[in-house]
Q: 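Attaching a single structure in structure tokens format; questions to follow.
Values reported hereafter were calculated over all heavy atoms of this structure, with side chains retained and with hydrogens, waters and symmetry mates removed. Everything numeric in this text was worked out from a predicted model, so none of it was measured.
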Amino acid sequence: MKRCFRLCRARFFLAFTLTLIGSAYPVLASHPSANPTFTSLPNFSPTAAADHLRAPQLNPPKVDLGRALKDFIPDEPSAETPATEWMLHKTADGAHPDGNEQQLIWLMNRARHDPTAEGIWLATVDDPDIANARSYFSVDLVVLQNEFAGYDSKPPAAFDVRLYEAAKAHSDDLILRDAQDHDGQFDRIQAVGFVFNAARGCVFSYSQNASYGHAAFNIDWGWDEDGMQTGRGHRMAIMSIDGDYTNVGIAAVREADSSTSVGPWVITGNYCNARTSVTDHYNRFLVGTVWTDSNGNSMFDPTEGISGVTVRPDHGTYYAVTSNSGGYAIPLLASGEYQVSFSGSSLPSEIVQGITVGAASVLLDLLVGSSAGEPQALTGSATGISSTSATVHGTVNPDGESTTYYFEYGTTAGYGLQTTGQSVAVDSEVSAAIAGLSPETTYHYRIVATNSYGTARGADKTFTTWPTYESTTEPLITEYYHDILDRGPDTLGLAGWQAAIDRIVALEIDIKEGFIALAKFFFNSEEYINQEKSAQQYVTDLYQTFLNREPDQAGLDYWVGLLAQGLSRNVVLNYFVYSDEFTLYMADQFDSFTSKPECNLVNDLYRGLQGRLPDSEGFNSWVGLMREAMSEGEQAVRNLAHQIAVGFMQSEEYALRDRSDREFLEDLYNGILRRGAQPEEIDGWLVSIHGGMTRSEVLHAFTNSPEFQPRVQQISAASVMP
């Protein structure tokens with residue numbers, strides 16, 4: 001058997017990593033220097049990689065013609081029952097996607113739906129070939145999981161037979177040439193008549209099987225420092241991270257000829273956004289797989305698809321019949337509420353599922369019980385964890401029978417407690433709130449589903465509750481309401497801010513960060529803005545809020561003068577919240593609370609670049625990595641801080657904030673340097689940005705500045721508490 005995956009240099013779209021050398025942009029300077037120095041890092045390829053361990057082709061190509069998806073979404077409401085079968089989701093004989101190709105599609109769409117779970121699966125799946133590859137390439141499993149935890153859920157992609165034909169032709173050509181490259185890949189897409197706005201291509205000529213190929217692409221294993229390829233180009237395509245890749249064609253071609261080096265499977269993937277102004281080109285689909293989990297591993301396998309099932313929305317233009325491997329895709333020409341029926345083939349009766357359709361594709365799998373009528377139950381995550389409560393999640397497939405589900409929970413795997421039973425009749429994502437828990441305690445839980453055919457139990461999972469303490473924040477929260485909004489707190493608002501501040505204290509973040517978040521929220525609220533306060537009134541409010549005193553005349557004149565020069569109100573606010581006087585005032589108010597420097601830094605990055613308090617799950621993940629970096633020294637801490645900042649800056653959440661260049665610079669001073677900026681500092685950076693300096697280069701300069709170094713040293717020197 002061939003057991004190989006090779007690392008090769010891409011023949012086009014070759015990318016170099018740019019590294020800022022020295023301190024070309026000292027952040028404290030009024031005007032940054034004009035000419036940064038960069039060096040390119042050579043691509044590394046081992047001269048003699050082990051014959052059985054190879055990687056997907058480096059630098060998978062990307063084309064983006066700049067057309068926005070929203071410009072081409074049709075919305076053609078129809079009350080008619082669909083009468084036209086959509087034929088482009090499978091070959092004419094129904095043979096493709098075959099079972100291996102459908103598994104690649106199913107794994108891709110599962111990953112897009114829950115990126116965090118995908119990262120955990122990639123890091124822990126015990127398939128020996130995948131585990132061997134993770135070890136061989138020294139994949140950093142912590143980095144892997146945290147990268148996926150930072151991705152947003154994305155819509156599924158629909159199989160398109162034209163993209164499959166192009167992919168099949170490319171895999172056949174690779175076998176003929178005994179090669180792994182992208183030569184002619186996009187030309188073949190154009191040749192089959194698929195017109196795209198944006199496209200990415202993936203190639204792996206040395207896959208063991210379909211799930212192995214998916215892991216190779218999505219881990220993106222290779223010879224870079226963390227065991228993964230620079231840019232994660234294959235992952236960008238599969239997870240639809242840097243483009244709306246709504247259509248896919250994947251060809252997994254068997255090659256067992258011992259005279260060739262490629263094989264045993266040669267996989268080509270084409271991931272595209274369609275030009276919807278062209279006939280039979282769509283970007284919004286109902287997508288799914290009809291299957292049975294015959295081996296009970298909770299994952300679609302190549303022989304588990306159910307063919308010949310008719311999938312029909314209750315209105316619209318198209319319906320579909322599943323391929324031999326159980327897959328289907330249906331263009332949806334209008335948003336709204338749909339009832340989707342599954343009928344025929346080996347289904348015991350018609351099954352109807354309701355869905356809500358917006359601007360994007362919707363994933364709707366149908367998992368048919370492996371024995372007649374017996375339910376399926378999958379335990380999900382735990383969220384909303386506090387010192388005494390949590391919400392647990394799961395998935396129930398009742399297999400067409402009325403099914404009751406509940407969650408068992410307790411301090412051991414023997415459980416002993418359970419939630420109130422609830423009924424479902426269709427596949428459902430379910431949850432239950434649990435209260436009355438003990439602080440700082442680990443709880444086991446699982447979902448149980450029962451119907452007349454039997455009982456299914458999900459896997460055991462755990463969560464740990466937060467510690468508790470007596471909150472003393474109410475008096476100061478009340479003062480903030482009076483100082484900023486000129487009114488007393490409403491009951492819900494007061495309770496909400498108490499809970500938020502108590503939570504960050506439990507995360508070992510400085511308590512004053514909760515009050516900074518509260519103040520920024522109030523000062524930027526519609527309620528405050530509608531008061532139309534003058535610059536003098538605004539500065540007076542800052543003094544009263546953060547320093548608990550009236551302004552002296554000299555101070556008032558100074559800050560009002562800076563506002564007149566163009567400094568934004570939020571930047572002036574930053575000077576107050578990072579002042580020594582505010583720190584002393586807060587220490588006097590809350591001298592019993594402690595915090596940790598690594599927690600404060602991660603929180604700074606959330607506040608500066610996401611504009612919010614951190615969510616507990618994401619925060620704990622980053623802090624865990626930061627504590628690992630602390631044991632490795634200052635450079636590791638600096639590198640991780642930069643990595644987190646890059647991830648936040650490139651996130652969809654940051655993009656939605658739509659920050660101007662000036663606001664971006666304010667975010668860096670806030671999140672990286674913990675201070676406001678003088679007008680001339682902002683102006684100096686704007687000159688460089690308008691001269692061509694990218695935001696990534698500016699961020700690199702901030703995290704490598706001498707001013708940031710004391711924070712790095714403080715964190716590196718801190719002892720890590722268990």
Side-chain angles (χ1 to χ4, degrees), residues 69-70 72-90 94 97 101-102 104-114 153-164 240 244-250 271-274 276 280-291 300 305-323 325-345 347 350-368 395 397 426-429:
L69 175 62
K70 64 177 181 292
F72 298 99
I73 294 179
D75 207 17
E76 303 172 11
S78 171
E80 300 296 326
T81 301
T84 303
E85 182 180 358
W86 179 251
M87 301 296 295
L88 295 180
H89 73 104
K90 61 183 180 181
E101 293 152 351
Q102 188 62 36
L104 285 161
I105 295 166
W106 187 90
L107 288 168
M108 172 191 65
N109 286 335
R110 181 186 73 168
R112 290 186 179 191
H113 178 70
D114 191 344
S153 178
K154 290 296 182 70
F159 183 87
D160 186 281
V161 69
R162 295 162 293 188
L163 294 177
Y164 162 76
S240 195
D244 295 301
Y245 303 122
T246 53
N247 291 257
V248 63
I250 302 178
Y271 308 81
C272 295
N273 180 273
T276 57
D280 288 336
H281 284 62
Y282 299 97
N283 283 317
R284 180 172 55 191
F285 295 87
L286 178 63
V287 178
T289 309
V290 181
W291 63 294
F300 176 86
I306 300 177
S307 64
V309 175
T310 298
V311 186
R312 193 187 305 269
D314 61 346
H315 60 277
T317 301
Y318 298 104
Y319 72 94
V321 178
T322 59
S323 66
S325 59
Y328 75 91
I330 302 170
L332 298 175
L333 305 189
S335 57
E337 302 293 328
Y338 289 80
Q339 295 293 313
V340 182
S341 68
F342 297 82
S343 62
S345 188
L347 298 184
E350 182 182 54
I351 297 172
V352 179
Q353 174 71 62
I355 61 169
T356 300
V357 177
S361 296
V362 175
L363 181 64
L364 182 60
D365 284 349
L366 179 64
L367 177 58
V368 180
T395 303
N397 168 31
V426 296
D427 294 4
S428 302
E429 294 184 359

Q: Rounded to the nearest 0.5 Å, what's the gap from CD1 on Ile355 to CG on Leu286? Could you check?
A: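 Nearest 0.5 Å value for the CD1-CG distance: 4.5 Å.
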Q: Counting N and O atoms only, with roles assigned by atom type, does the side chain of Thr395 sit under 3.5 Å from a partner on the main chain of Ser428, one being a donor and the other an acceptor?
A: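 Not confirmed, Thr395 side chain does not pair with Ser428 backbone.
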Q: Restricting to non-hydrogen atoms, name the atom on Leu347 and the atom on Val368 that form the minimum distance, rounded to 0.1 Å.
A: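 Residues Leu347 and Val368, closest heavy atoms: CD2-CG2, 3.6 Å.
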Q: How far apart are the closest heavy atoms of Val321 and Lys90, and which atoms are they?
A: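 Heavy atoms only, the tightest pair is O-NZ, 3.0 Å.
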Q: With sequence neighbours excluded, tell me which residues meet ring-ring contact (aromatic ring centres under 6.0 Å, His included) with Tyr319.
A: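 ring-ring contact (aromatic ring centres under 6.0 Å, His included) check on Tyr319 returns nothing, list empty.
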Q: Apply side-chain contact (heavy atoms from CB on, under 4.5 Å) to Ala158 and list each qualifying residue two or more places apart in sequence or on a separate chain.
A: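 By the side-chain contact (heavy atoms from CB on, under 4.5 Å) rule, Ala158 matches Phe285, Val287, Ala329.
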Q: What are the two closest non-hydrogen atoms of Ser361 and Pro156, and how far apart are they?
A: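 Where Ser361 meets Pro156 most closely, the heavy atoms are O-CD, 3.5 Å.
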Q: Any donor-acceptor pair under 3.5 Å linking the side-chain atoms of Thr356 with those of Glu337?
A: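 Yes, Thr356 and Glu337 have a side-chain donor paired with an acceptor closer than 3.5 Å.
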Q: Given 3.5 Å as the limit, does a donor-acceptor pair link the side chain of Asn397 with the main chain of Leu366, or not?
A: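 Pair absent, no side-chain N/O of Asn397 close to backbone of Leu366.
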Q: Tell me, please, which residues at least two apart from Glu350 pass side-chain contact (heavy atoms from CB on, under 4.5 Å).
A: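 Ser341, Ser343, Val352.
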Q: Within the side chain of Thr310, is there an N or O that forms a donor-acceptor pair under 3.5 Å with the backbone of Gly344?
A: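 Looks like no, no N/O pair under 3.5 Å.
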Q: Looking only at heavy atoms, which two atoms of Pro313 and Pro82 are closest? And how far apart?
A: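 It is O-CD, 3.0 Å.
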Q: Once side-chain hydrogen bond (donor to acceptor under 3.5 Å, both in side chains) is applied, do any residues pair with Asp160, and if so which ones, sequence neighbours excluded?
A: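 Once residues adjacent in sequence are excluded, the partners of Asp160 under the side-chain hydrogen bond (donor to acceptor under 3.5 Å, both in side chains) criterion are Arg162.
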Q: How would you list, by chain and number, every residue that makes a side-chain hydrogen bond (donor to acceptor under 3.5 Å, both in side chains) with Tyr318, sequence neighbours excluded?
A: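 side-chain hydrogen bond (donor to acceptor under 3.5 Å, both in side chains) list for Tyr318, sorted by chain: Tyr282.
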Q: Just to verify, what does Tyr328 make a side-chain hydrogen bond (donor to acceptor under 3.5 Å, both in side chains) with, not counting sequence neighbours?
A: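 Partners of Tyr328 by the side-chain hydrogen bond (donor to acceptor under 3.5 Å, both in side chains) criterion come out as none, since no residue qualifies.
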Q: Mind checking the CG-CG spacing from Leu363 to Asn109? Nearest 0.5 Å is all I need.
A: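 Here the interatomic distance stands at 5.5 Å.
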Q: Quick one: list whatever passes ring-ring contact (aromatic ring centres under 6.0 Å, His included) with Tyr164, sequence neighbours left out.
A: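 So Tyr164 forms a ring-ring contact (aromatic ring centres under 6.0 Å, His included) with His96, Phe159.
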Q: Nearest heavy-atom pair of His89 and Thr322: which atoms, and what distance?
A: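 So the minimum-distance heavy-atom pair works out to CE1-CA, 4.3 Å.
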Q: So, using side-chain contact (heavy atoms from CB on, under 4.5 Å) as the criterion, who are the partners of Thr289 when residues are at least two apart?
A: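 Checked Thr289 against side-chain contact (heavy atoms from CB on, under 4.5 Å); matches are Gln102, Trp106, Trp291, Phe300, Asp365.
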Q: Look only at the side chain of Arg284 and the backbone of Thr246, and say whether a donor-acceptor pair between them is shorter than 3.5 Å.
A: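 It does not hold such a pair.
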Q: State which residues pass side-chain hydrogen bond (donor to acceptor under 3.5 Å, both in side chains) with Glu85; sequence neighbours excluded, sorted by chain then number.
A: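 Result, side-chain hydrogen bond (donor to acceptor under 3.5 Å, both in side chains) vs Glu85: none returned.
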Q: Donor-acceptor pair, Ser240 side chain versus Tyr245 backbone, under 3.5 Å?
A: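 A pair under 3.5 Å: yes.
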Q: Measure across Val357 and Ala334 and return the closest heavy-atom pair with its distance rounded to 0.1 Å.
A: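 Distance-wise, the nearest heavy atoms are CG1-O, 4.0 Å.
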